[in-house]
Asker: 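Shown below is the structure under consideration.
All values derive from a computational prediction rather than experimental measurement.
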Amino acid sequence: MPIVIYTDAEGARHEIDVDAGYTLMEGAFNQQVPGMVAECGGAAACGTCHAYIAREWLSRLPPVEDLEDSMLYMVDDRRENSRLTCQIHMTEDLDGIEVQIADNL
């Protein structure tokens, strides 16, 4: 099972097994990683699953689609590596991906 390395907004590291097919948001939310609010449940309608993807992983991800891009304009502290984790599905190729959860509270 692939692993996601989440770092919460306080700097604590959480290594979580996330089944392929689940989103990065679901992996963090299901394991109660602090800061993963996920108010809309994965509909890309709230921005409370905002996170920063480690730069070396960005090229392995699908591109940001229009809906995600629109929501990212509304989050605090958007960066070049900002993504909504509800829009990224886990695959075996993403084993070890590093995700810094933004301050979503």
Asker: For Gln32, look at atom CD and say whether over 12 heavy atoms of other residues, nucleotides or ligands are found less than 6.0 Å away.
Answerer: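 No, because the 6.0 Å sphere around CD of Gln32 holds 12 heavy atoms or fewer from other groups.
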Asker: Side chains of Leu84 and Val64: does their closest heavy-atom pair fall under 4.5 Å?
Answerer: no
Asker: Quick check for you: to the nearest 0.5 Å, what is the distance between Met90 atom CE and Ile3 atom CD1?
Answerer: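 Atom-to-atom, Met90:CE and Ile3:CD1 are 8.5 Å apart.
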Asker: Within the structure provided, determine whether His14 and Pro34 are in side-chain contact (heavy-atom separation under 4.5 Å).
Answerer: yes
Asker: Nearest 0.5 Å please: distance from the CE atom of Met25 over to the CD1 atom of Ile101.
Answerer: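 So the CE of Met25 and the CD1 of Ile101 are separated by 11.5 Å.
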Asker: Between Ala38 and Phe29, what is the shortest heavy-atom contact and its length?
Answerer: CB-CD1, 3.9 Å
Asker: Can you tell me which residue pairs pass the side-chain hydrogen bond (donor to acceptor under 3.5 Å, both in side chains) test with a partner in residues 96-105, sequence neighbours excluded?
Answerer: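 side-chain hydrogen bond (donor to acceptor under 3.5 Å, both in side chains) check on residues 96-105 returns no pairs.
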Asker: With sequence neighbours excluded, what pairs up with Arg60 under the salt bridge (Lys or Arg N to Asp or Glu O under 4.0 Å) test?
Answerer: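 Testing Arg60 for salt bridge (Lys or Arg N to Asp or Glu O under 4.0 Å), a comparison that skips the adjacent residues, returns none.
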Asker: Rounded to the nearest 0.5 Å, how far does CD1 of Ile53 lie from OG of Ser59?
Answerer: 12.0 Å
Asker: Closest heavy-atom contact between Tyr6 and Val33?
Answerer: CB-CG1, 4.2 Å
Asker: Show your working on side-chain contact (heavy atoms from CB on, under 4.5 Å) between Asp69 and Arg78 and close with a plain yes or no.
Answerer: CA-CA 10 Å; Asp69 192 45; Arg78 181 181 182 170; 2.6 Å; yes
Asker: Work out which heavy atom in Arg83 is nearest to a heavy atom in Pro62; give both atom names and the distance.
Answerer: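 Closest pair (atom of Arg83, atom of Pro62, distance): NH1-O, 2.9 Å.
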Asker: Taking the side chain as C-beta and beyond, is there a heavy-atom pair between Val18 and Leu24 under 4.5 Å?
Answerer: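 Answer no - side chains too far apart.
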Asker: Strictly by salt bridge (Lys or Arg N to Asp or Glu O under 4.0 Å), give each pair with a member in residues 12-36 just once, sequence neighbours left out.
Answerer: Arg13-Glu15
Asker: Minimum heavy-atom separation for Cys86 and Gly42, please, with both atom names.
Answerer: CB-CA, 3.5 Å
Asker: Test Leu94 against every option in Leu61, Val4, Val99 by the side chain to side chain contact (heavy atoms under 4.5 Å, CB included) rule and name the one that passes.
Answerer: Leu61
Asker: Do other residues, nucleotides or ligands put more than 12 heavy atoms under 6.0 Å from the CE atom of Met74?
Answerer: no
Asker: Can you tell me how far CD1 of Ile16 sits from OH of Tyr22, rounded to the nearest 0.5 angstrom?
Answerer: 14.0 Å
Asker: Heavy atoms only: give me the nearest Asp77-Tyr52 pair and the separation to one decimal.
Answerer: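 Answer, listing the atom of Asp77 first, then Tyr52: O-OH, 2.8 Å.
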Asker: Looking only at non-hydrogen atoms, find the nearest pair between Gly47 and Met71 and report the distance.
Answerer: N-CE, 3.7 Å
Asker: To the nearest 0.5 angstrom, please state how far the CD atom of Glu80 sits from the CZ atom of Arg55.
Answerer: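 The CZ atom of Arg55 is 5.5 Å from CD of Glu80, to the nearest 0.5 Å.
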Asker: Any sub-3.5 Å donor-acceptor pair from Thr48's side-chain atoms to Val37's backbone N or O?
Answerer: no
